[in-house]
Protein chains: 2
Amino acid sequence: MVRYGQYCPVAKAAEVLGDRWTLLLARELLQGAEGFNELERGLPGISRSVLAQRLRTLERRGIVQRAEPRGYHLTDAGRDLAGVIDKLGEWGATWAFGDPLPDELDPDLVMGWIARHTAKRPETRTVIQFDCRAPKRRYWLVLEPGDVSVCREAPGFDTDVLVEADVQQLYGLYFGRTTLRDPAIAVRGAPRGEVDSWFAWSKYAPALRV
Amino acid sequence: MVRYGQYCPVAKAAEVLGDRWTLLLARELLQGAEGFNELERGLPGISRSVLAQRLRTLERRGIVQRAEPRGYHLTDAGRDLAGVIDKLGEWGATWAFGDPLPDELDPDLVMGWIARHTAKRPETRTVIQFDCRAPKRRYWLVLEPGDVSVCREAPGFDTDVLVEADVQQLYGLYFGRTTLRDPAIAVRGAPRGEVDSWFAWSKYAPALRV
DNA sequence: CAGTATCCTCGAGGATACTG
DNA sequence: CAGTATCCTCGAGGATACTG
């Protein structure tokens, strides 16, 4: 719990948001994550006790509200953090977003982001299989009329579209540094341009200096 | 040095700015503070070694540039933090700016802020004396055509205008919660309205919920 | 699924004194 | 004015195992 003891709006905001992980936790909540385990998955490296402590502090400070019987939601104050996190992300994309270190690329994480930014809501269930070549992983994105989910296990439905890429290429797609038109990414089952249009990718892509 | 290990613009920005004191240090630099001791005075409670370490880190990351023979300046990346700090301050003013705790009111600090936000640049030297009643302090704001400075010792020039207020009232002025028209604040030597117009007060005043 | 309890480590940073 | 060097403390949080 950071304390600066200055009666200044910047200092007070920094006291609320300045604990380690709190800004990223706000990002997760703004993206719509609600469950404890879901939040933990979005913050690899956080310990469960730290996550619980941060959530308690944010609740006490009126940023987060617990729902019954489970789940966390942002209050008005919490939703208003969108502007702060956006500016932060734009600044980061512009000035602090060099090439990734190898251990910064996490296929689980980027697949979660891609799933959250899927724009397509098909009329009938559509299954997009993502084969990550390196590291070797397989995901199924199941698009239903009102829902999108990622599975690590075969969902039991036929795959409609198959995408094959390295984890770097998945990040490249998400941050707009490449597109599904890149022949190094394999796409089967639907035209590349059509599949590309199903995803919104990251809002920070425009700020990126490629 | 915070490390999250996520290739995400928000996470990378939080790695640069997430160390304790770094956001407030950015605020000071954006306000135009340049010297080591000047920065230290604006951050009561920081230790000299932590300040030195933070400045070194920001320099290494391309946010701060050292000037010869002394002084710290923001780079383009550093100046671009203005948008982040502004959003943070607006959020803090709106959602985290309750009544001050008694130990959060520091007359030295608020006098420094007031001095930085003095708009008037008179044609001849003008001396405004601020008598803080509680805690008992005395300051002289010396306005010259090209410069404003605060002294804790009598500057040797005649006082043109005298302002008498408590430290709470000085903060009230700075954050737009009161004005020099408040009769509880004494003003001698010039009309209240005129003196009030010499100061810009804080940019976060509009976001304040009084 | 959603946490809490307990123990222990280690590193951030405070205090103090010093230098060019 | 602008720092650095040294020593030491204490608390954040990791690891692990547990519960409703």
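Quick note on labels: first sequence line is chain A, next is B, and so on, each numbered from 1.
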**Prompt:** Out of D/dG14, C/dG3, C/dG13, which has the shortest distance to the side chain of A/Phe36?
**Reply:** C/dG3
**Complete:** The nucleotide from D/dG13, C/dC1, C/dA15 with an atom nearest the side chain of A/Val50 is D/dG13
**Request:** Could you state the atom-to-atom distance from CE of A/Met1 to P of D/dA12 in whole Å?
**Result:** 8 Å
**Prompt:** What's the CZ-C1' distance between B/Arg41 and D/dG3, to the nearest Å?
**Reply:** 15 Å
**Asked** A/Gln53 or B/Arg56: which one's nearest nucleotide on DNA chain D is closer to the 5' end?
**Response** B/Arg56
**Message:** Among C/dA2, D/dC1, D/dG13, which nucleotide has an atom closest to any side-chain atom of A/Arg66?
**Reply:** C/dA2
**Message:** Let's test this: given Watson-Crick or G-U wobble pairing with both distances under 3.5 Å, identify the partner of C/dC18.
**Reply:** D/dG3
**Message:** Testing the 3.5 Å rule here: is there a donor-acceptor pair between the side chains of B/Arg27 and A/Gln6?
**Reply:** yes
**Request:** Starting at atom CZ of B/Arg3, determine the distance to atom C1' of C/dG11, rounded to an integer number of angstrom.
**Result:** 17 Å
**pair B/Val16-A/Trp91: side-chain heavy atoms closer than 4.5 Å** = yes
**Asked** Testing A/Tyr204, A/Trp201, A/Phe97 for ring-ring contact (aromatic ring centres under 6.0 Å, His included) with A/Phe175, which one passes?
**Response** A/Phe97
**Request:** Compare the minimum distances between each of C/dA2, D/dG14, D/dA2 and the side chain of B/Arg70, then state the nucleotide with the smallest one.
**Result:** D/dA2
**Prompt:** Separation of A/Asp19 atom CG from D/dG13 atom P, in whole Å?
**Reply:** 7 Å
**Asked** What does C/dA12 pair with, Watson-Crick or G-U, if both distances are under 3.5 Å?
**Response** D/dT9
**Contact check, side chains of A/Glu104 and B/Lys12, non-hydrogen atoms, under 4.5 Å** = yes
**Asked** Given D/dG3, is OP1 or OP2 found less than 4.0 Å from the side-chain N or O atoms of B/Tyr72?
**Response** yes
**Prompt:** Whole Å only: how far is the CG atom of A/Leu55 from the C1' atom of C/dA2?
**Reply:** 11 Å
**Prompt:** Taking CD1 from B/Ile46 and C1' from D/dA2, how many angstroms apart are they, rounded to a whole number?
**Reply:** 14 Å
**Item:** Residue B/Ser47, side-chain heavy atoms: nucleotide from C/dG14, D/dG14, D/dC1 that is nearest
**Value:** C/dG14
**Request:** Using atom OH of A/Tyr4 as one end and atom P of C/dG14 as the other, report the distance to the nearest whole Å.
**Result:** 11 Å
**Request:** Run through A/Leu162, A/Asp160, A/Leu180 and flag the one making a side chain to side chain contact (heavy atoms under 4.5 Å, CB included) with A/Val195.
**Result:** A/Leu180
**Request:** Could you check how far CZ of A/Arg54 sits from C1' of D/dG14, rounded to whole Å?
**Result:** 13 Å
**Asked** Taking N and O atoms by type only, does the side chain of A/Arg48 place a donor or acceptor under 3.5 Å from a partner on the base of C/dA2?
**Response** yes
